[in-house]
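Please read these numbers as outputs of a predicted model, since none were measured by experiment. Protein chains get the first letters and strands the later ones, always in sequence-line order, with residue 1 at the start of each.
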Amino acid sequence: MAYKEKRSFDDKYQPADIEARCQAFWDEQKVYAYNPDAPAEATYSVDTPPPTVSGSLHIGHIMGYTQADVKIRYQRMCGKSVFNPIGWDDNGLPTERRVQNYYNIACNPHVPYDKNFVPVHVENNKEPRKEVSRQNFIEACHMLTKEDEKVFENMFRRMGFSLDWDIQYTTIGKDSIRISQASFLDLVKKGMVSSVEAPTMWDVDFQSAIAQAEIEDREVDGFFHDLRFNIQGEPDKFLTIATTRPEFLPACIAVVAHPDDERYQPYFGKTAIVPLFNIPVPILASEHAEKDKGTGILMVCTFGDAADVAWWKQSHLPVKQIIGRDGRLMPIVYGEGAFVSLDVPKARACYDQIAGLPVKKARAKLVEMLQESGDLLSQPRPIKHMVKFYEKGSQPLEFVSSRQWFVDILSHKQKWIERGQEIQWFPPYMRSRYEAWVNGLNQNWCISRQRFFGVPFPVWYPLDAQGNPNYDAPIFADEARLPVDPTVDTPTGYTESQRGQPNGFVGDTDIMDTWATSSVTPQIAMAAAPKGSHLSMPFDMRYMGHDIIRTWAFYTIMKADANAGTIPWKQAHVNGFVLDPDRKKMSKSKGNVITPIALVETYSADGVRYWAARNKLGIDTLFEETVMGQGKKLVMKMYNASKFVMNIVSASPLAQQADYVPYIKEPLDKAWACKLAQTLAGATVAFQNSDYAAALEAVEMRFWDFCDNYLEIVKARAYAGDTSAVASLMLTIDLFAKLFAPFCPFIAEEVYQARCWANATDSVHAQRWPQVEEWASVISENADLYDALTPVVAEIRKTKTMANTSQKTPVKNVRILAPAKQIELLKQAEQDLVNVGSLLPGALHYEEADTIMADQVELELPKKE
RNA sequence: GGGUGUAUAGCUCAGUUGGUUAGAGCGCUACGUUCACAUCGUAGAGGUCAUAGGUUCGAGUCCUAUUACACCCACCA
């Protein structure tokens, strides 16, 4: 059914009705469908950011997607076949965490699968979490992500994002797994991936390794503890060592001071004794110690922080790992292995009191013990210090030695920076941020996570005769077999019965970092495209928030280069954040998140889009509802002005005339046509510079000018049936419908479809961006007429306002001062001036002058009663 | 400490390659309309363009320094 039959344009403006109508119409017409037959040069390909569906849908999404959608809609109107897929990021830790809370369950890989288990949402999960099998847990993840995706889809449709809903993918889908695994195997083949046993940043809650990009620093309260370290052979001397983490005493491997520090020079080479545990450790000189920090001398432990790790690596000292994967102190038997002590029974007695405790409790207990023994030299001094956290975690990260898969990114940093330079960044300074991040990388990319819901590594390990895995001889899957799940699938050359048996095999149980999948979204999107598409990397554009330059942007650029030897996209659009009125970033925990749906209901989708499109790319913007109100007013005005024009046009015989342009003959109408051409040119240039905000401003200004001035001026003539005025109004409405289409697609469609002079069946969004050639024949060289007339009208209005009288008050006299040429022009629109100003016969006088102005305005004021 | 931005009316923001009395919307005040307009229109008040220097005939616009704020990174004994 055609759009037009479903509606009547006599109603009041009803945004919800318009929005529903448009959505149905666009779906039916497949307005945003990608045409796979389009050649590459006529295609505009977008690497859409797949939203994390387990997260909250907030106003920031709306802004970012709208800003991109405006630009994408412009490209479509320029005749491009737009490839605008939609993906859902549903794998990884955020989903697991949400599933755990939502259903109050936890994954325990040792629990057997229960095929009758149905997860149920638990409102107040006070009960302990029910432990379920890995497979049950993954099924629950799939279930919930499907629901979450619907929430996003509804909102995105409501906002009118011109996504192709037939091209969807999920980051946990089969293709995503296959492509991620293939990318991994390709990097293996290229020698860029290795499995390494090393101290890794570890989240004790999630019990998984974490990559550098996922870390954030948080300021936390802590205490400095001044501890007494005796010196072997010098009973009357001791060292004062300040530490915030006394629980690491049993893991101390050395004490270091700066080589130039005269206070400690006499002790270098001697041995310090760790209190309580009586561990002999060397006193060493090291550049990384700072003289004026703390007491200038510090203890090195395995591993208190990243500096400890770095120092340990070049020290050849043994590891004393005391923190377990669960964040508790591991059971250590003092006196065995690296854990030497001068007083083994005492060390054991001390350690027994803290073994098994979580880090914080162990710290408190040790402080107590140190106080009793007199090794705590002063009261703990409170300080605030920065501690590394997993960005989604709540406990400080620990360094835990474990085997992980690493991608070598450090040896190619320069290459990634150069690739970044091949990409056009909007705004351009975002490239500096990218380069700063790449330059600052100091760890290779740890891509393995000890979690469940994600892409498995296509890897098995052979077991030796004792049943121990040989990690140095991993068995990689053949690419043809992908996707594989090594915990289910059997490696080539083995039988399933050999799983876990001596001389058999075992599957890698880790999953990949979610970015290992997100970094191949162009490839995944291409796999989701119809067969025979002419798509290839680089895509035309990717858009994203500036917070993920370090993750999504970097990893995608890196993978595109490593896997495919290209850049992933030609342009990177980086949008800013939405800040609350106190200039704080909106976040769920602060309770300042605004729900987009309420805003759409209040201001209409077009109104909210208007707000988003007014904000420039890359700039963090204050959440400002009054701007949405402005948008709503604009849209409502568009509706009412169009309605008014259509009433006029429908009374004219010209309504049947599709080719109305030749009827535009009056000089003022031609001058107006010229103003329209100027606006179109300005908006087009702005769009070409990706400055959609400037394009909107130009269109909006001209539209208000139309309503306030031109429409008022020609109203009377148009009412009288003058075909030039009617045709000019038809042109104006046609044009504004298209000019507003990228910004406010709903009202644009409504107006376009409702035109009484055209039986539109195609969507306005399938139309070409206007070309000035369409009405070039009526553009006069005397465009100045419009600019000359409006100040005269303004002066008359001002006089009436000052006289506190109605604008309909008749004018007895008005003198227009202008250059001779302008007077000639103005005379051509004399009747319009008489109409709009309510001039009495003979009121108009002209006088030559250098500039245009009107004065001596005399009104025929109504007699006062 | 390093990097990247930002600083223009009470609020949110425009100000293109330096060029005459610095703009818009919202808010405020006054008046007028209510037969396109759950309104709309017209006008008014309100800014030493963060500060200090400099370049120039001329600087909100270019240069230098300073200050404040935001984000990223480093430091984290």
Checklist entry - What's the CZ-P distance between A:Phe426 and B:U4, to the nearest Å? => result 21 Å
Next on the checklist: At less than 4.0 Å, is any side-chain N or O atom of A:Lys12 found next to OP1 or OP2 of B:A38? Yes or no.
Outcome noted: yes
Checklist outcome for this item: Of the listed B:C73, B:C71, B:C76, the closest approach to the A:Lys293 side chain comes from B:C76
Next on the checklist: Please report the distance, rounded to the nearest Å, between CD in A:Glu290 and C1' in B:A74.
Outcome noted: 12 Å
Item to check | P atoms of B:C11 and B:U67, separation to the nearest Å | outcome: 24 Å
Item to check | Atom C1', compared across B:C57 and B:A74: separation rounded to whole Å | outcome: 48 Å
Checklist entry - Quantified in whole Å, what is the C1' atom distance between nucleotide B:U48 and nucleotide B:G3? => result 34 Å
Checklist entry - Base, sugar-phosphate, or nothing for A:Glu216, non-hydrogen atoms under 4.0 angstrom? => result nothing
Item to check | Interatomic distance, A:Asn442 CG vs B:A74 C1' [rounded to whole Å] | outcome: 9 Å
Checklist entry - A:Ala289 near the nucleic acid: base, sugar-phosphate alone, or nothing, with a heavy-atom cut-off under 4.0 Å? => result base
Next on the checklist: Heavy atoms only, 4.0 Å cut-off, all strands: where does A:Asp217 land among base, sugar-phosphate and nothing?
Outcome noted: base
Next on the checklist: For a side chain to side chain donor-acceptor pair (under 3.5 Å) check, start with the C-alpha distance between A:Ser378 and A:Asp226, then their side-chain angles and the critical distance, and finish with the verdict.
Outcome noted: CA-CA 6 Å; A:Ser378 60; A:Asp226 294 325; 3.0 Å; yes
Next on the checklist: Need to verify one output field. Residue with the more 5' nearest nucleotide on RNA chain B, A:Arg433 or A:Asp691?
Outcome noted: A:Asp691
Next on the checklist: Heavy atoms from C-beta onward define the side chain here; which of B:A36, B:U4, B:C76 lies closest to that of A:His385?
Outcome noted: B:C76
Item to check | Whether over 12 other heavy atoms sit under 6.0 Å from A:Gln314 CD | outcome: yes
Checklist entry - Is the closest side-chain donor-acceptor distance between A:Gln212 and A:Asn442 under 3.5 Å? => result yes
Item to check | Qualifying ring-ring contact (aromatic ring centres under 6.0 Å, His included) pairs, either residue in residues 682-704 of chain A, two or more places apart | outcome: A:Tyr74-A:Phe687, A:Phe687-A:Phe743, A:Phe687-A:Trp769, A:Phe703-A:Phe736, A:Phe703-A:Phe740
Next on the checklist: Counting the atoms with a prime plus P, OP1 and OP2 as sugar-phosphate, which does A:Met386 contact under 4.0 Å by heavy atoms, base, sugar-phosphate, or nothing?
Outcome noted: base
Checklist entry - What is the nucleic acid contact for A:Glu712, judged by heavy atoms within less than 4.0 Å: base, sugar-phosphate only, or nothing? => result base
Checklist entry - When you check the side-chain N and O atoms of A:Glu216 and A:Tyr390, is any donor under 3.5 Å from an acceptor? => result no
Checklist entry - Looking at the side chain of A:Arg550, which of B:C72, B:A36, B:U42 is the nearest nucleotide? => result B:C72
Next on the checklist: Rounding to an integer number of angstrom, what distance separates B:A52 and B:C13 when you compare their C1' atoms?
Outcome noted: 27 Å
Item to check | Between B:A14 and B:A24 - P atom distance, rounded Å | outcome: 16 Å
Checklist entry - Atom CE of A:Met636 to atom C1' of B:A38: distance rounded to whole Å? => result 7 Å
Next on the checklist: Is the phosphate of B:A36 approached by A:Tyr719 (side-chain N or O, under 4.0 Å from OP1 or OP2)?
Outcome noted: yes
Next on the checklist: Checking side-chain polar atoms at under 3.5 Å, does A:Thr621 have a donor or acceptor matched by the opposite partner on A:Trp611?
Outcome noted: no
Next on the checklist: Roughly how many Å apart are B:U6 and B:C49, using the C1' atom of each and rounding to a whole number?
Outcome noted: 14 Å
Next on the checklist: Counting the benzene-type ring for Trp, do A:Trp416 and A:Tyr434 have ring centres under 6.0 Å apart?
Outcome noted: no
Next on the checklist: Distance check, C1' atoms only: B:G15 and B:G47, in whole angstrom units.
Outcome noted: 14 Å
Next on the checklist: What contact category does A:Trp704 fall into here, base, sugar-phosphate, or nothing, at under 4.0 angstrom with non-hydrogen atoms?
Outcome noted: sugar-phosphate
Next on the checklist: Considering every strand and a 4.0 Å limit on heavy-atom distances, what is the contact class for A:Phe224: base, sugar-phosphate, or nothing?
Outcome noted: sugar-phosphate
Checklist entry - What nucleic acid atoms does A:Tyr434 come within less than 4.0 Å of, heavy atoms only: base, sugar-phosphate, or nothing? => result nothing
Item to check | From B:U42, B:A70, B:A36, nucleotide with atom closest to A:Lys715 side chain | outcome: B:A36
Checklist entry - Roughly, in whole Å, what's the span from CD in A:Glu435 to P in B:C72? => result 19 Å
Checklist entry - From the list B:A14, B:G3, B:C75, which nucleotide is the closest neighbour of the side chain of A:Glu697? => result B:A14
Checklist entry - Side-chain donor-acceptor pair under 3.5 Å between A:Tyr710 and A:Ser728, yes or no? => result yes
Next on the checklist: Measuring from the side chain of A:Gln14 (C-beta onward, heavy atoms only), which nucleotide among B:G3, B:A38, B:U12 has the closest atom?
Outcome noted: B:A38
Checklist entry - Are A:Gln630 and A:Lys633 close enough that a side-chain donor and a side-chain acceptor fall under 3.5 Å? => result no
Checklist entry - What is the distance, rounded to the nearest whole Å, between atom CZ of A:Phe623 and atom P of B:C13? => result 13 Å
Checklist entry - Within a strict 4.5 Å, meaning less than it, do heavy atoms of the A:Ile322 and A:Glu247 side chains meet? => result no
Checklist outcome for this item: In 5'-to-3' order, the base (B), backbone-only (S) or no-contact (-) status of each nucleotide in nucleotides 23-32 of chain B, using a 4.0 angstrom heavy-atom cut-off, is --SS----SS
Checklist entry - Between A:His546 and A:Phe577, does the ring centre distance come in under 6.0 Å? => result yes
Next on the checklist: Under 3.5 Å for both pairing distances: what stems, at least three Watson-Crick or G-U pairs long, include RNA chain B?
Outcome noted: B:1-7 with B:67-73, B:10-13 with B:23-26, B:28-32 with B:40-44, B:50-54 with B:62-66
Item to check | Atom-pair distance (NZ on A:Lys798; P on B:G41), nearest Å | outcome: 18 Å
Checklist entry - A:Thr295 near the nucleic acid: base, sugar-phosphate alone, or nothing, with a heavy-atom cut-off under 4.0 Å? => result nothing
Checklist entry - Do A:Tyr429 and A:Arg433 get their side chains close enough for a donor-acceptor pair, meaning under 3.5 Å? => result no
Checklist entry - Expressed in whole Å, how much space separates the P atoms belonging to B:A38 and B:U21? => result 42 Å
Checklist entry - Which comes earlier along RNA chain B counting from the 5' end, the contact point of A:Met299 or that of A:Lys632, where each point is its nearest nucleotide? => result A:Lys632
Checklist entry - Just how far, in rounded Å, is C1' of B:C76 from CZ of A:Phe389? => result 13 Å
Checklist entry - Considering only B:C76, B:C72, B:A36, which nucleotide approaches the side chain of A:Asn640 most closely? => result B:A36
Checklist entry - Does A:Lys637 have a side-chain nitrogen or oxygen under 4.0 Å from the phosphate oxygens OP1 or OP2 of B:A38? => result no
Checklist entry - Looking at CD of A:Glu391 and CG of A:Asp217, how far apart are the two atoms once the value is rounded to the nearest 0.5 Å? => result 12.0 Å
